[in-house]
Amino acid sequence: MAVASYLNAIRTALPPHDVHQAFIDWATAQLQNPRERALFARMADRAGIAHRMSILPPPAGGGTQTDPGGFYGDAWPGTADRMRLYAEHAPVLAADAARQLGPLDRVTHLVLASCTGFVAPGIDQLLARELGLSDTVERTLIGFMGCYAAVTALKTAHHIVRSEPEAVVLVVTVELSTLHLQRSGDLEALLAMLLFADGAAAALVSAETVGLEIEAPFALALPDSDTLIRWTVGDTGFAMGLSGEVPARIATALATDAFLGRIGDPRAIDSWAVHAGGRSVLDAVEHGLSLPAEALAESRAVLREHGNMSSATLMFALARILAGAPVKSGVALAFGPGLAVEGFRYCSP
């Protein structure tokens, strides 16, 4: 009989600087066309986001990160400057989340997902040292997969535990999305940047029957969708491309037999952990699966309070679910470049 894996606990961490309103003010000033400025204002108001946190501090003399003395206020920073801050701050933020899990001396494996930075030694090694993990801990780094990487990380932990029943896997997602602000007057680009924020989450996965059992992982790649979500490395950081076609393509994919065959009847699902990629993405899931309005309450709360933290976002929703009532039948879903849908079933023991 196969060993079951359980998502035992999740803890989260956020940096201290709220940049959401500052970004709206800056982005509005970049738009020269009055009609585009009015449209951006309406979209920002409807985005369902109240706060987005960043590791970037405002200038010492006051103002915002785009004012003189801020990271974006003087010369527009290159990729090297952004990666320097990633290497400095990402391990610290990730460690803030991981330490909240309590003693980590039983950890045998570390699975870390991040798409907002590159550094060698890897962020996995930097975090292991920051936490004082044993030199014998096996590490897996999942990089540049985008918003669905939390699912990939948890599925990797699931497979490790099923093959090594004594394993205790520390799963970490850490993203510093605000390191990749781009100078642009393009409305679509500014609307994409409106979503993203910094955050980290850490979880323990083991065979101990505590938390949520991870069941039936699945993946679905959508054909002819490669250009819909793009994450391009450039000279001034990573540029996000997010097509307005994404919500409709997601809604269509979720209504297919290929997807429904993996989750069963949506009406029988009592818990949904959906990546809060944006209000329109959550609306697409709700409408595509004919879910009641309250079904995605946890994901909408994460979007409202924290924005889209790329791979960390789904973990924030799962943390809220873990803290709530027992789950009879749940589904975790995330979406990312490809366009791909990744997920798994879960339930309380």
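Heavy atoms only: backbone and side chains are in, while hydrogens, waters and symmetry mates are out.
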Review point. Between Arg11 and Ala202, is there a donor-acceptor pair closer than 3.5 Å when you use the side chain of the first and the backbone of the second?
Key: no
Exercise for review: Evaluate the side chain to side chain contact (heavy atoms under 4.5 Å, CB included) criterion for residues Leu179 and Ile55: first the C-alpha distance (whole Å), next the side-chain angles of each, then the deciding distance (0.1 Å), finally the verdict.
Suggested key: CA-CA 8 Å; Leu179 287 178; Ile55 58 103; 4.1 Å; yes
**Study point:** Side-chain touch Gln30/Ser184, heavy atoms, less than 4.5 angstrom
**Key:** no
Point to revise | Whether over 12 other heavy atoms sit under 6.0 Å from Met43 CE | key: no
Check your understanding: Taking side chain as C-beta onward, heavy atoms only, is Thr252 less than 4.5 Å from Phe259?
Key -> no
Practice item. Measure the shortest side-chain to side-chain distance between Leu93 and Leu176 over non-hydrogen atoms and say whether it is less than 4.5 angstrom. Key: yes
Check your understanding: When you measure from the side chain of Arg262 to the backbone N and O of Ala219, does any donor-acceptor pair fall under 3.5 Å?
Key -> no
Practice item. Identify, with sequence neighbours excluded, every residue that meets salt bridge (Lys or Arg N to Asp or Glu O under 4.0 Å) alongside Asp135. Key: none
Review point. Is there a chain of hydrophobic side chains (I, L, V, M, F, W, Y, each step under 4.5 Å between heavy atoms) that links Leu14 to Ile49?
Key: no
Review point. Between atom NE2 of His109 and atom CD of Glu164, what is the distance when rounded to the nearest 0.5 Å?
Key: 4.0 Å
Review point. Just wondering, do Leu7 and Tyr346 contact through their side chains at under 4.5 Å, heavy atoms?
Key: no
Check your understanding: If you take all heavy atoms of Ala157 and Val169, which pair is closest and at what distance?
Key -> CB-CG1, 3.6 Å
Review point. Any side-chain heavy atom of Leu56 within less than 4.5 Å of one from Leu85?
Key: yes
Practice item. Work out which heavy atom in Leu194 is nearest to a heavy atom in Ala47; give both atom names and the distance. Key: CD2-CB, 4.1 Å
Point to revise | Straight-line distance of Glu188 CD to Met193 CE, nearest 0.5 Å | key: 11.0 Å
Check your understanding: Taking C-beta and beyond as the side chain, do Val19 and Thr64 meet within less than 4.5 Å on heavy atoms?
Key -> no
Exercise for review: Take Leu318 and Leu154 through the test side chain to side chain contact (heavy atoms under 4.5 Å, CB included) and record every step on the way to the result.
Suggested key: CA-CA 11 Å; Leu318 285 166; Leu154 290 169; 3.8 Å; yes
**Study point:** Same cluster (ILVMFWY, side-chain, under 4.5 Å), Leu181 and Leu187
**Key:** yes
Review point. Considering only heavy atoms from C-beta outward, does the side chain of Leu170 approach that of Leu133 to under 4.5 Å?
Key: yes
Point to revise | Side-chain donor or acceptor of Asp270 paired with backbone N/O of Ser329 under 3.5 Å | key: yes
Review point. Can you list the steps and then say if Trp272 with Ser299 is a side chain to side chain contact (heavy atoms under 4.5 Å, CB included)?
Key: CA-CA 8 Å; Trp272 294 89; Ser299 296; over 6 Å; no
Point to revise | Heavy-atom donor-acceptor pair, His287 side chain to Asp283 backbone, under 3.5 Å | key: yes
Check your understanding: Can you find a pair of side-chain heavy atoms, one from Val151 and one from Lys155, that are under 4.5 Å apart?
Key -> yes
Review point. How would you list, by chain and number, every residue that makes a ring pair (Phe, Tyr, Trp, His ring centres under 6.0 Å) with His158, sequence neighbours excluded?
Key: none
Review point. Which atom names give the shortest non-hydrogen contact between Gln100 and Ala13, and what distance separates them?
Key: NE2-CB, 4.3 Å
**Study point:** Heavy-atom pair of closest approach, residues Phe23 and Leu190
**Key:** CZ-O, 3.5 Å
Check your understanding: Would you say the side-chain atoms of Thr12 pair up with the backbone N or O of Phe316, donor to acceptor, closer than 3.5 Å?
Key -> no
**Study point:** Where Asn308 and Ser177 come nearest, the two heavy atoms and their spacing
**Key:** O-OG, 4.5 Å
**Study point:** Test item: Asp25 side-chain N/O and Ala22 main-chain N/O as donor-acceptor pair under 3.5 Å
**Key:** no
Review point. Please, which pairs that meet ring pair (Phe, Tyr, Trp, His ring centres under 6.0 Å) have at least one residue in residues 168-213, sequence neighbours excluded?
Key: His180-Trp231, His180-Phe238
Would you list the atom pairs, donor with acceptor, under 3.5 Å between side chains in residues 119-132 and any protein atom, with sequence neighbours excluded?
residue	atom	partner	partner atom	Å
Asp124	OD2	Arg139	NH1	2.6
Gln125	OE1	Gly122	N	3.3

Check your understanding: Under the 3.5 angstrom rule, does the side chain of Arg162 hit a backbone N or O of Ser5 as a donor-acceptor pair?
Key -> no
Check your understanding: Donor-acceptor pair, Asp198 side chain versus Pro15 backbone, under 3.5 Å?
Key -> no
Exercise for review: Treat each ILVMFWY residue as a node, draw an edge where side-chain heavy atoms are under 4.5 Å apart, and state whether Leu296 and Val341 are in one component.
Suggested key: yes
Review point. Is a side-chain N or O of Glu175 found less than 3.5 angstrom from the main chain of Met309, in a donor-acceptor match?
Key: no
Revision key, fill the gap. Here the gap from Leu289 atom CG to Ile263 atom CD1, rounded to the nearest 0.5 Å, amounts to 5.5 Å
Revision key, fill the gap. Tested for side-chain contact (heavy atoms from CB on, under 4.5 Å) against Phe335, the lone hit among Val246, Leu220, Val281, Leu222 is Val281
Point to revise | Same cluster (ILVMFWY, side-chain, under 4.5 Å), Val327 and Val302 | key: no
Check your understanding: Going from OG on Ser348 to CG on Leu322, what distance comes out if it is rounded to the nearest 0.5 angstrom?
Key -> 8.0 Å
Study note, to complete from the structure: Interatomic distance, CG@Leu110 vs OG1@Thr140, rounded to 0.5 Å, equals 8.0 Å
Review point. If you look at every heavy atom in Gln65 and Pro58, which pair is closest and at what distance?
Key: NE2-N, 3.8 Å
Review point. How long is the span from the NE2 atom in His17 to the OG1 atom in Thr178, to the nearest 0.5 Å?
Key: 9.5 Å
Check your understanding: Counting only heavy atoms not in Asp257, do more than 12 fall under 6.0 Å of its CG?
Key -> no
Practice item. Walk me through it: do Thr236 and Arg183 pass the test side chain to side chain contact (heavy atoms under 4.5 Å, CB included)? Key: CA-CA 9 Å; Thr236 56; Arg183 181 166 46 191; over 6 Å; no
Exercise for review: Under the ring pair (Phe, Tyr, Trp, His ring centres under 6.0 Å) rule, collect the residues that match up with Tyr86, sequence neighbours excluded.
Suggested key: none
Study note, to complete from the structure: For residues 30-73, the ring pair (Phe, Tyr, Trp, His ring centres under 6.0 Å) pairs (sequence neighbours left out) are Tyr72-Trp76
Exercise for review: Would you check if the side chain of Asp18 reaches a backbone N or O of Arg52 as a donor-acceptor pair within less than 3.5 Å?
Suggested key: yes
Check your understanding: Hey, any chance Ile160 and Val210 share a hydrophobic cluster, counting ILVMFWY side chains that come within less than 4.5 Å of each other, even indirectly?
Key -> no
